[in-house]
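The structure appears right after this line, and notes come after that.
Atoms considered below: every heavy atom in the structure, side chains included; atoms not considered: hydrogens, waters and symmetry mates. Letters A, B, ... are given to chains in the order of the sequence lines, protein chains preceding strands, and every chain is numbered from 1. Because the structure is a prediction, the values reported are computed rather than measured.
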Protein chains: 2
Amino acid sequence: MTGLSERKKQILANVVEIYVKTGEPVGSKGLISASGLNCSSATVRNEMNDLDRMGYLVQPHTSAGRIPSEKGYRYYVDNLMPHREIDEFTRRLIDAGISPAAGDPEKLVNTARELLADITKCAAVSTAPVGSLNVIRKIELVPVGTHTAMMVLLTSNGILKSRLCRIESELNARILEQFYSICERFFIGKPSGEISPAEIQTIAASVDYDYFALLPLLGALSDLAVSTNDSKLILGGEANLLSRMDYGERAVSLLRFLNSREPISEVIRSSKDDIDVKIGSENMFRQLEDSSVVVARYKVRGDDSGSISVIGPTRMDYPLVISSMKYITDLLGRMITSALEE
Amino acid sequence: MTGLSERKKQILANVVEIYVKTGEPVGSKGLISASGLNCSSATVRNEMNDLDRMGYLVQPHTSAGRIPSEKGYRYYVDNLMPHREIDEFTRRLIDAGISPAAGDPEKLVNTARELLADITKCAAVSTAPVGSLNVIRKIELVPVGTHTAMMVLLTSNGILKSRLCRIESELNARILEQFYSICERFFIGKPSGEISPAEIQTIAASVDYDYFALLPLLGALSDLAVSTNDSKLILGGEANLLSRMDYGERAVSLLRFLNSREPISEVIRSSKDDIDVKIGSENMFRQLEDSSVVVARYKVRGDDSGSISVIGPTRMDYPLVISSMKYITDLLGRMITSALEE
DNA sequence: GATTAGCACTCGGGCTAATTGAGTGCTAAA
DNA sequence: TTTAGCACTCAATTAGCCCGAGTGCTAATC
């Protein structure tokens with residue numbers, strides 16, 4: 001396994017790049033004219049034949065040009081891909097969208113995802129910032145009527161959730177006091193992932209008075225806690241996939257697949273690195289056999305916090321996707337971190 | 001203009017229903033076998049020919065069956081459509097999803113929209129509850145650090161918005177006090193639609209001290225106020241449109257159209273009745289020429305508050321769509337109203 | 001030994017012609 | 001007014017054909 005000759009690498013890289021750009025299988029002649037290789041088409045043909053036999057290229061049919069195989073893309077991404085700088089204009093766009101002034105971390109992630117979908121012309125999914133250390137930091141219950149109150153919950157990750165609550169009995173000072181004392185005792189400082197409805201029941205039952213008034217409040221609290229922690233996938237840019245003609249009919253089944261969320265969430269969970277490229281059938285889901293998924297994690301205070309992923313045809317512009325994802329997740333992490341400073 | 005003969009009505013209704021079900025142009029033979037009309041195909045042919053000349057039916061080409069024209073659909077919706085009851089199973093599904101326990105009004109509307117998209121197998125858009133009387137009811141600013149606070153805003157429509165704020169100077173009691181006094185003086189009880197960034201500037205400038213501390217707070221407040229009022233369109237169920245093969249390639253352009261929001265928002269605004277059916281080119285947008293839009297408004301405390309719309313091919317199951325929309329918007333209105341009670 | 005020119009060969013895409021069949025309109029009889 | 005019958009139309013399918021981009025192979029050349 002001595003690796004590919006220099007010229008083979010050059011040819012493979014060119015095939016990938018031309019094919020990504022044009023969508024047509026690339027032949028020997030087309031390749032030399034587009035790449036400035038100074039050798040004849042016959043030589044290229046021989047080399048391509050080798051690459052074909054080695055599994056880096058495939059022919060859609062006998063008398064057509066070559067297309068990169070998954071192995072070819074993989075080799076390209078791992079070894080051949082140029083390091084591309086993100087261009088000035090889109091950089092400004094990103095910088096403008098992702099700034100601490102734009103709101104809470106969740107919003108930042110959302111705009112980041114939208115930007116990414118636009119830039120890459122692919123679909124993108126994001127998960128809200130959720131760290132292992134997502135601890136409940138503050139709970140506030142503000143009465144707004146005799147039977148209603150707004151409840152607000154803030155976690156250490158800066159996630160803020162609010163909802164209205166109604167209780168049957170009157171919302172008096174004693175109930176508020178009890179509520180806060182329960183919060184102080186059981187919830188503040190606790191990881192929001194550890195709060196379960198069952199536990200809420202137990203806690204409510206341990207209260208001396210006002211069980212029936214507190215129960216709905218604690219129920220709402222549990223809802224909020226769960227919602228800060230279920231790193232719900234948000235999907236956007238699906239329309240981009242349709243415009244890319246790579247998928248014809250298959251677009252529908254892909255969209256269905258993406259909309260069912262769980263599997264794609266598994267794909268994301270299974271990715272390990274800061275930035276992880278899964279090409280075609282590396283994804284373990286048949287519905288993704290023509291697609292690549294690039295997962296990038298952003299870090300808040302140095303810890304993995306959430307991720308943004310791009311989903312597109314295997315024939316995607318990997319340098320563009322990867323460079324913009326790197327830039328965006330990096331910026332995103334820094335911005336969220338700074339937004340969380342005291 | 002004496003209207004259609006009874007048999008013509010029957011035939012038109014059958015053509016619509018069969019075509020909606022099968023997607024194929026319906027011919028004279030197919031019609032009698034599927035509808036139990038006791039006359040011969042030749043008679044049906046004559047009648048269809050009449051309906052064709054009157055503009056209720058069209059032929060895709062000379063030797064094919066008939067398809068309802070827009071006029072045909074319109075007549076069907078206005079005069080022929082049976083009143084269909086929503087079926088037991090989906091009714092339970094809806095009742096389970098839309099209950100005051102499910103959270104604030106905005107969430108209710110969202111689940112309503114999702115349910116509707118599922119039931120009708122179409123795309124659906126919703127607008128959050130926003131009435132003319134959307135007045136700021138309560139503002140709360142809870143410090144969570146020396147420089148950060150969470151701000152919560154509640155409107156009379158039950159819309160609750162929250163965000164984190166950061167200020168440069170220290171967040172002390174005096175600033176809080178000033179903030180609340182400004183709120184009391186300028187914001188509480190005011191329609192959220194009337195708050196503009198320019199006005200915020202003016203108010204901030206009129207403050208004696210702490211201008212620089214208050215400005216970001218008031219800015220955040222203005223953001224929140226605006227967000228309670230911009231009845232942002234939320235779109236879902238796009239994938240449903242793709243599965244319906246009525247649109248082939250055109251699906252892409254339709255999706256793009258829906259994603260650009262403004263025009264569809266205009267369509268909704270232009271609808272007048274509680275429930276309004278716009279068929280094909282009645283919609284004034286070329287991109288909707290093959291689509292129908294059904295807009296239903298829900299009422300809170302008896303006033304128009306927001307809307308849910310279904311967008312699908314002109315060839316949609318109008319009785320199903322309309323009956324489920326009626327049921328859902330009715331329930332939704334009642335639930336939101338009751339959630340707002342003191 | 002590597003490279004290149006030349007050539008026979010392959011096979012998908014695009015074009016045209018022929019066939020099929022569902023569905024029509026019209027006419028004439030019931 | 002309804003119906004049976006018939007000639008006609010036209011989209012969709014199928015078959016046949018050619019074209020040409022692109023290949024692999026061979027033999028000559030560097």
Answer with yes or no whether B:Ser63 presents, from its side chain, a donor or acceptor under 3.5 Å of a partner atom in the base of D:dT9. yes
Using a heavy-atom cut-off of 4.0 Å across all strands, would you classify B:Ala42 as base, sugar-phosphate, or nothing? base
Presence of B:Arg66 side-chain N/O under 4.0 Å of C:dG25 phosphate oxygens OP1/OP2: yes
side-chain N/O A:Thr62 vs C:dC11 OP1/OP2, d < 4.0 Å: yes
What nucleic acid atoms does B:Ser28 come within less than 4.0 Å of, heavy atoms only: base, sugar-phosphate, or nothing? sugar-phosphate
Counting neighbours of CG on B:Asp78 that are heavy atoms of other residues, nucleotides or ligands and sit closer than 6.0 Å, is the number greater than 12? yes
Please check if the number of heavy atoms outside B:Lys29 that lie under 6.0 Å from its NZ is greater than 12. no
On DNA chain D, check which nucleotide each of B:Asn38 and A:Gly30 is closest to and give me the residue with the more 5' one. B:Asn38
Any side-chain donor-acceptor pair under 3.5 Å between A:Asn46 and A:Thr43? no
I'd like to know if B:Arg45 reaches the base of D:dG5 with its side chain, counting only an N/O donor and acceptor under 3.5 Å. yes
Going by the angle between their ring planes, with limits at 30° and 60°, are A:Tyr75 and A:Tyr56 parallel, tilted or perpendicular? perpendicular
If you check the A:Ser40 side chain, which of C:dT24, D:dC10, C:dA5 turns out closest? C:dA5
With sugar-phosphate meaning primed atoms plus P, OP1 and OP2, does B:Asn49 contact a base, only sugar-phosphate, or nothing at under 4.0 Å between heavy atoms? sugar-phosphate
